[in-house]
Every structure is written in C-alpha cells, then in structure tokens.
There are 2 protein chains.
Amino acid sequence: MTDQAVSGALERAVREAVERRRDELVELTRELVRRQTTLGAEEPAQVLVDERLRAVGFAVERVQPDGDAARADPYAGYPYLSYEGRSCVAARLAGSGGGRSLHLSGHLDIVPVERPDLWRHEPWSAEVAEGRIWGRGAGDMKGGLAAYLIAASVVAEVCDDRRGDLVFSSVIEEECGGNGMWSVLRAGYGADAVLIGESTALRLGHAGTGVVWARLSAAGGAGHAMLAGGDGPFDRLCRAVAGLRRVEAEINEPVRDPVFAAVRERPYGMTIGKIGGGVWTASTPHELVANVRFGFGRDLEPAEVQARLWEVVREASPEVEIQFEAFRARAYCHPTSGPLFDSLSAAHQAIIGSEAETVAFTATTDARYVEGACLCYGPVAGNLHGTDEWVDVETLVQTATVVALTAAEWTA
Amino acid sequence: MTDQAVSGALERAVREAVERRRDELVELTRELVRRQTTLGAEEPAQVLVDERLRAVGFAVERVQPDGDAARADPYAGYPYLSYEGRSCVAARLAGSGGGRSLHLSGHLDIVPVERPDLWRHEPWSAEVAEGRIWGRGAGDMKGGLAAYLIAASVVAEVCDDRRGDLVFSSVIEEECGGNGMWSVLRAGYGADAVLIGESTALRLGHAGTGVVWARLSAAGGAGHAMLAGGDGPFDRLCRAVAGLRRVEAEINEPVRDPVFAAVRERPYGMTIGKIGGGVWTASTPHELVANVRFGFGRDLEPAEVQARLWEVVREASPEVEIQFEAFRARAYCHPTSGPLFDSLSAAHQAIIGSEAETVAFTATTDARYVEGACLCYGPVAGNLHGTDEWVDVETLVQTATVVALTAAEWTA
C-alpha cells in the first residue's frame with residue numbers, strides 16, 4: 001500500500017470510530033457541564049477525566065501546582081486559591097518508541113455565572129437544543145476537552161502501532177493565572193507538539209495577547225455617611241481607572257504588535273469585571289475594590305505592564321492601592337508553519353474539506369507556556385463567559401475527528 | 001408643699017429609681033446589642049421590648065408599615081424589604097386624663113458590620129470596658145432605646161397620679177427610609193410632644209438634613225473580557241457619580257439653609273456606601289451597581305433633589321439607570337423654644353448641672369415625621385455605622401434620668 005492509501009484507511013477508521021462515539025461525546029460534554037467546575041470545585045469533573053483516560057490505557061497521575069515556584073516564575077500566575085485538594089490530570093499513552101509525541105490539553109475550570117435567571121437554557125443542565133449543547137463551560141472549554149478525550153480514545157483504539165507518546169492533560173486555573181498547564185509542563189509532560197481544545201471555530205489558534213490582572217482598592221474609613229462627602233473611595237477608584245484607561249489608549253494607539261494589530265482596532269482590552277465593597281448605603285465603606293483585566297502585545301513584558309499600571313495609579317489616585325493577581329501572562333505567537341501546523345491543516349482539509357484558517361486571540365490561553373509547536377483547535381461556540389453559553393455539536397464531532405487524525409498521523 | 005418642693009421630691013425619686021436600675025440599663029442595652037437587629041431580623045429584640053413594656057403596665061400593640069401607603073406618601077420611605085413578620089412596638093400607658101401626652105421613641109434597627117475582624121470589641125458580644133458598652137447598635141441607638149425603656153418604667157413606678165398618656169415606640173427601618181416611625185404615627189400614636197433617644201451627647205437634637213438614596217446601575221452585556229475595552233459599565237458609573245458630585249457641590253456652595261450652614265462647611269454629604277456587580281475579573285459584568293446617599297437642606301424638597309439627580313445622570317452618563325430607594329426624607333428643623341424644649345432643658349439643667357446645648361444633624365432621624373414638638377436626646381456615643389461602635393454608660397444613665405424627669409413633669 002502507498003502512504004496515501006494508509007492515510008485513507010486511517011482516515012476512514014478514525015471517522016468511523018469518532019462517529020460511533022458521537023452520542024458519547026455529547027453525553028460526556030453534558031456531564032462535564034453538569035459538574036460545575038468553578039474555582040476550587042474542579043475535582044468531581046477531574047475524577048471523570050481521570051477514569052476515562054485510565055479506561056483507554058493511559059497512565060494517569062495528578063499534578064498539583066507548586067504555588068511558591070509559580071510565584072517565583074515571572075510568567076506563571078499568582079496562585080489564586082490554595083491548591084489543597086485541587087490538581088491537574090496528566091496522562092500518557094506510551095508509544096513503541098522513536099516517534100513524535102503529541103500532547104492534547106484542555107482546561108476544566110470555568111468562570112462563574114453572574115445571573116443564572118437570565119439564561120434561556122439553565123446554565124448547569126446542559127440542554128441540547130438547536131444543534132448545540134448549552135451551559136456554562138460548554139464552549140470554554142468542556143466541549144473541546146470532551147472532543148479531545150474522544151480523540152484520545154479513538155487513537156488508543158485505532159492506532160495499535162503508534163511509535164510516539166500521546167500525552168493528555170486536563171488542567172485547572174486556565175481562567176485565573178494558568179498555573180495548571182504551567183505545572184503540568186514542568187512535571188515532564190512536554191511533547192514534540194501540543195494541541196489545546198479551546199473553541200476556535202475549527203481555525204488554528206496560534207496567538208494570544210498578554211494579560212495581567214490587578215486589584216484596585218480604596219480605603220474609606222468606615223463610619224456614618226453624615227460625616228462624609230465631596231470625595232470618597234469610589235471617586236478615588238474612578239480616578240485610578242481613568243489613569244489605567246490612558247495606558248490602555250497608549251498601547252492601542254498605535255498597536256505595535258502586528259499580530260494583534262491585524263485582529264481588530266484596539267485589540268488590547270481593559271475590563272473592570274468585578275467590583276465590591278461596603279454593606280450599607282449610608283455607611284462609609286471600609287474598602288471598595290475594583291478588579292481589572294488588562295491586555296497587551298508582545299512588545300511589552302507583563303512586568304513592564306505592571307510597572308506602568310502601578311505608576312499611573314500612583315499618579316492618578318495615590319490613595320488607591322494596586323495589587324497584581326492571577327495572570328501575568330506574556331503575549332505569544334506560535335508560527336503558522338511547520339510540521340504541527342501542516343499536519344493539523346492537512347487533517348482539517350481531509351475532514352472538513354476546506355483550507356484551515358488561522359486566528360489570533362485578544363485573550364490568553366495555556367498555549368503561551370509551550371516553548372515548541374502549539375496550536376489551539378476546537379469547535380464553534382458562543383457566549384463564552386456570558387449568558388447562554390453554547391457549543392456546536394457538529395463541529396465538536398469534527399474537532400474530535402480532525403484531532404484524532406492529526407494525533408494518529410503525528411504519533412504514527 | 002410648693003411646686004418647687006414637689007419638683008425636688010420628684011427629682012429625687014426619679015434619680016433614685018433610675019440609679020436602682022443602673023445595672024438593669026446596662027444589661028438591657030447589652031441584650032439588645034446581642035440580638036442582631038439588622039434589616040429583617042428585628043423581631044427577636046422587639047419581643048424583648050414588647051415584654052418589658054407590658055411588664056410595667058403599657059398597653060402594647062404591633063404596627064406593621066403599609067408599604068403601598070408609604071409609597072404613595074412623598075415623604076415616607078420606599079419599602080426596602082417586605083414587612084411580613086416585621087413590625088414596630090407601639091405602646092401606651094394611659095394617664096388619668098386632662099394632661100399632656102409624651103411619646104418616647106427609638107429605633108431598634110441597626111446597620112450591618114462590614115469587617116467584624118477589624119473590631120477590637122467583637123460587634124455582637126456587647127463588651128463593657130472603659131466605661132462604655134461596645135457593639136454594633138450600642139450607640140445607634142440601642143443605648144438610647146434602653147435608657148428610654150428604663151425611663152418609662154421609672155415614670156410608671158414613680159408617677160402614680162399622671163394625667164397625660166405616656167406613649168412608647170420601638171420602630172424599624174429608621175436606617176433605611178423611616179417607615180417604622182411613619183407608620184406608628186399614622187396608627188394614632190401622635191402625642192403633644194415626642195422625644196427620640198438618638199445619641200446626641202446630652203444635647204437637644206432639633207434638626208436634620210434631608211436624605212435621598214439612589215441606586216445607580218450600569219449594564220455591561222455579560223461576555224468575555226477579550227471582546228471589551230475602552231469603556232465599560234464601571235466608567236459609566238464613574239461619569240454618573242461625577243455628575244452627582246457636581247450637584248453636591250452646587251448645594252454646598254453656598255449652603256442656603258442657615259441651620260445646616262451653621263453646622264459645618266459642606267454639610268450635605270454624598271456617599272457611595274456600597275458597590276457591587278460582576279463575578280469574574282475577565283468577564284464583562286452584566287450589571288454594576290453603586291448605592292448613593294445624598295443629603296440636602298430645607299430649601300429643597302426630596303422630589304426636587306431626585307429630579308435633579310435623575311437629570312444630571314441622564315446628562316453625564318445616559319446609559320446609567322438611576323432608581324430611588326429607601327429614603328426620601330425632607331430636611332427638618334424643630335424649634336429651639338417652647339414647652340418641650342423648656343421642659344427638657346430644665347430637666348437637663350437639674351440632673352446634669354449645665355445648660356443644655358442644641359445640635360443639628362447632617363443626617364436624618366425619625367423626628368422629621370413629627371408635626372408638633374419633637375427633640376432628640378440621648379447619650380454620648382461613638383463610631384456610629386463604623387468599627388468599634390460604643391455608647392458611654394454614664395451618659396446613658398443620665399439620659400434615662402433626664403428623660404424620666406421630663407416625662408414625669410410633662411405628663412403630671
């Protein structure tokens with residue numbers, strides 16, 4: 001047989017094996033959505049991932065991030081919550097030797113739901129409707145993780161003569177610092193290439209902006225409102241945020257990193273995602289807090305951004321304290337060429353029937369930690385972090401098929 | 001006997017009767033502090049007040065505010081919480097007829113504690129130290145309420161030939177709209193004069209500013225922070241608050257009401273007491289909210305202030321919604337002369353040995369609802385609405401004595 005014929009046979013076998021698992025993929029995604037893996041509550045879903053990987057022959061271990069080591073690494077996250085009882089699943093299906101290894105990864109953690117009452121589809125019941133699975137995390141990224149798990153089981157079934165290792169990880173804290181993937185890679189789960197199942201709408205996601213988070217706090221000196229007026233902790237927060245907006249404008253006008261300049265105008269977003277403080281309208285609050293997310297390009301280091309934000313807050317609102325937390329993620333851009341890119345593009349072409357497009361995110365992903373070849377590839381999804389989040393079922397199946405085919409050929 | 005001799009005998013009897021109840025007064029204050037009467041949790045302490053009044057011969061009833069009627073009254077509060085299971089204690093100790101009636105009142109509701117961990121004296125254990133009772137509500141105004149209860153029991157004991165009725169009320173929602181006292185007065189508990197036991201440091205509190213509360217909300221359109229930037233709901237709130245600050249400056253420069261102009265510079269305070277919204281730093285929030293307290297003088301009606309605030313928010317930040325809640329209190333000023341003023345001043349002079357001073361508050365009290373004679377009179381206290389709130393024990397006893405003597409003579 002020619003290579004082409006081998007590939008054709010492999011493609012058919014992979015297609016059929018994924019197709020047989022279509023319902024399983026949908027149910028697995030739904031079950032992962034039902035297990036509400038908000039910060040600190042990842043374990044009940046990790047157990048499921050752990051069991052599935054063992055069932056198809058992976059050697060599985062748990063990797064707990066080392067908070068002190070993360071703090072000491074200028075690109076790792078600041079630990080956002082104790083790692084006690086929380087860990088990543090890291091697994092290996094060894095090849096016979098001499099081949100190329102591939103690491104399939106996804107994050108299991110999700111962001112919270114602000115207003116469940118506004119969802120048409122209850123966020124934790126994982127309803128299937130309109131060809132979509134609805135729920136918090138369906139698109140970011142339990143669908144992609146489930147598709148990768150299905151792909152891994154297909155590779156385990158179909159490719160009995162693999163030479164390269166297939167590595168799998170299900171990580172925590174992608175949404176708040178990235179110490180999950182960071183710790184998995186440090187624990188020896190690097191590979192010749194890495195695919196991450198973020199929802200890319202079947203595009204090859206190769207780049208992401210830098211992101212830092214900051215916590216602004218303004219002290220109020222708790223007391224009766226009758227004694228206050230003219231200025232207060234809220235006004236001080238406003239001045240600090242206005243200062244940060246000036247930095248945001250500076251780095252967006254012009255955008256110096258061509259990768260993100262090509263994405264859209266003003267690719268570097270600053271968001272005040274959360275505010276809080278005070279318990280009574282007529283009591284001066286002890287402290288008001290605003291939580292800030294700040295994006296930037298490869299022309300700036302996270303530490304430079306932090307220094308600039310610190311400086312501008314000191315100038316604009318000296319009584320406001322700024323602390324950095326969770327993300328200190330540098331911007332990254334993996335090449336849109338090379339063996340992984342070619343292999344994934346070919347599999348996409350074979351399964352989807354069109355040329356694969358690339359995409360750069362104005363957010364970060366765990367791909368920033370990977371020194372070698374790494375791409376994100378996953379389904380069509382919508383309303384990530386928002387109301388009525390969903391993932392498309394058909395592209396979920398296609399993701400599993402493309403990734404299984406890529407993995408089979410890569411590790412052959 | 002001459003009148004002077006009668007008065008001297010009465011004064012001695014009152015002094016002795018209060019002195020015998022000194023420990024009881026301290027313990028009653030402490031027990032009221034221990035019963036944490038934050039919004040909605042007033043009943044366990046009302047039961048105690050109810051029982052004590054019955055025990056000394058008062059006819060007691062419960063008065064539940066009528067939310068719809070309050071909404072329809074431009075000076076009543078907007079109901080802040082359902083009145084189900086919540087009520088005021090209103091009580092009457094009838095006189096023999098033909099005398100002057102006096103209403104002793106206090107509010108039982110308290111504001112929440114923001115940071116109990118910062119208190120030197122745990123806010124609910126009502127510690128006695130340094131001649132003070134410490135705890136949330138000790139000064140605002142469970143001390144004053146306890147002193148008035150003791151005064152009422154002294155009057156009941158000492159004055160067996162009273163002609164005027166002694167009325168007593170323990171009201172709710174003084175801290176958030178005032179519908180407690182409003183409903184008690186509507187229920188037929190008006191009197192020829194009213195004393196309210198707010199902590200005035202033994203001064204005669206005769207005036208208070210107007211107060212309105214407003215809730216500012218800015219919609220964010222929940223979603224991923226990667227899609228946001230440049231402007232957002234927090235920035236919109238900042239612009240709205242900046243607009244409100246301009247109104248605050250207008251009414252403070254100059255202050256047109258001479259009563260409050262005399263209190264201090266900028267007597268009309270605006271406070272952002274509470275902010276909230278959003279659940280994740282990297283998620284655009286669905287809605288951010290800032291809760292505003294706004295003070296003003298007798299030259300403005302609450303409805304005028306509301307209209308001005310509404311207008312300025314519409315101009316400064318049209319996407320921000322403003323809703324009014326709890327207080328729509330007009331500023332008030334009771335005369336510093338007349339029979340009640342003279343009677344209370346004389347009792348103060350007799351017991352304290354100094355001339356009584358007057359005080360105008362830059363906050364509101366339930367005294368605004370009283371059409372006739374009304375004064376606030378109560379102990380020395382500190383850190384109201386703040387950390388380590390306290391009430392002074394000695395002036396608590398003095399309050400009980402002065403108020404009992406005033407009541408005895410007023411209702412004689």
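Since the model is a prediction, treat every value here as computed from it, not as a measurement. Order of the sequence lines sets the chain letters (A, B, ...), proteins ahead of strands, with each chain counted from 1.
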ask   = Taking the six-membered ring of A:Trp124, is NZ or CZ of A:Arg136 closer than 6.0 Å to its centre and within 45° of its axis?
value = no
ask   = When you measure from the centre of the six-membered ring of A:Phe324, is the NZ or CZ of A:Arg215 under 6.0 Å away and within 45° of the axis?
value = no
Sort [X] into side chain, backbone, both or neither according to what part of it lies under 4.5 angstrom from a heavy atom of chain B.
X        : result
A:Glu114 : both
A:Ala249 : neither
A:Glu389 : neither
A:Arg264 : side chain
A:Val289 : backbone

Tell me, side chain or backbone of [X] under 4.5 Å from chain A's heavy atoms, or both, or neither?
X        : result
B:Asp231 : backbone
B:Arg239 : neither
B:Leu118 : side chain

request  = For the pair B:Val292 and B:Trp213, evaluate side-chain contact (heavy atoms from CB on, under 4.5 Å) and give the outcome as yes or no after the intermediate values.
outcome  = CA-CA 6 Å; B:Val292 181; B:Trp213 281 12; over 6 Å; no
request  = Apply side chain to side chain donor-acceptor pair (under 3.5 Å) to A:Lys142 and A:Thr37, showing your working.
outcome  = CA-CA 10 Å; A:Lys142 289 175 171 178; A:Thr37 51; 2.7 Å; yes
Taking every non-hydrogen pair under 4.5 Å, which of [options] racks up the most with chain A?
options                                : value
B:Pro233, B:Gly386, B:Gly232           : B:Gly386
B:Gly269, B:Ala282, B:Ala290           : B:Ala282
B:Pro267, B:Ala214, B:Cys176, B:Gly277 : B:Gly277
B:Val279, B:Val241, B:Thr387           : B:Val279
B:Val111, B:Leu384, B:Asn252           : B:Val111
B:Glu325, B:Met270, B:Arg115, B:Arg245 : B:Arg245

Taking every heavy-atom pair that is under 4.5 Å apart, which of [options] has the most such pairs with chain B?
options                                : value
A:Glu175, A:His286, A:Glu287           : A:His286
A:Leu288, A:Asn291, A:Thr281           : A:Thr281
A:Thr284, A:Asp235, A:Val211           : A:Asp235
A:Ala326, A:Gly295, A:Ala242, A:Gly230 : A:Gly230

message = When you compare the side chains of B:Tyr332 and B:Thr365, does any donor N or O come within less than 3.5 Å of an acceptor on the partner?
response = yes
request  = Using only heavy-atom distances, determine whether the side chains of A:His107 and A:Asp140 contain a donor-acceptor pair under 3.5 Å.
outcome  = yes
task = Using a strict 4.0 Å threshold on nitrogen-to-oxygen distance, state whether A:Arg266 and A:Glu253 make a salt bridge.
result = yes
key: Worked verdict on A:Phe234 versus B:Phe234 for ring-ring contact (aromatic ring centres under 6.0 Å, His included)   = CA-CA 11 Å; A:Phe234 186 79; B:Phe234 186 79; 5.5 Å; yes
task = May I have the step-by-step check of side-chain contact (heavy atoms from CB on, under 4.5 Å) for B:Glu321 and B:Gln323, ending in yes or no?
result = CA-CA 7 Å; B:Glu321 196 179 322; B:Gln323 290 176 304; 3.8 Å; yes
ask   = With sequence neighbours excluded, what pairs up with B:Cys238 under the disulfide (SG to SG under 2.5 Å) test?
value = A:Cys238
Short side-chain to backbone donor-acceptor contact, A:Glu250 and A:Glu248, under 3.5 Å = no
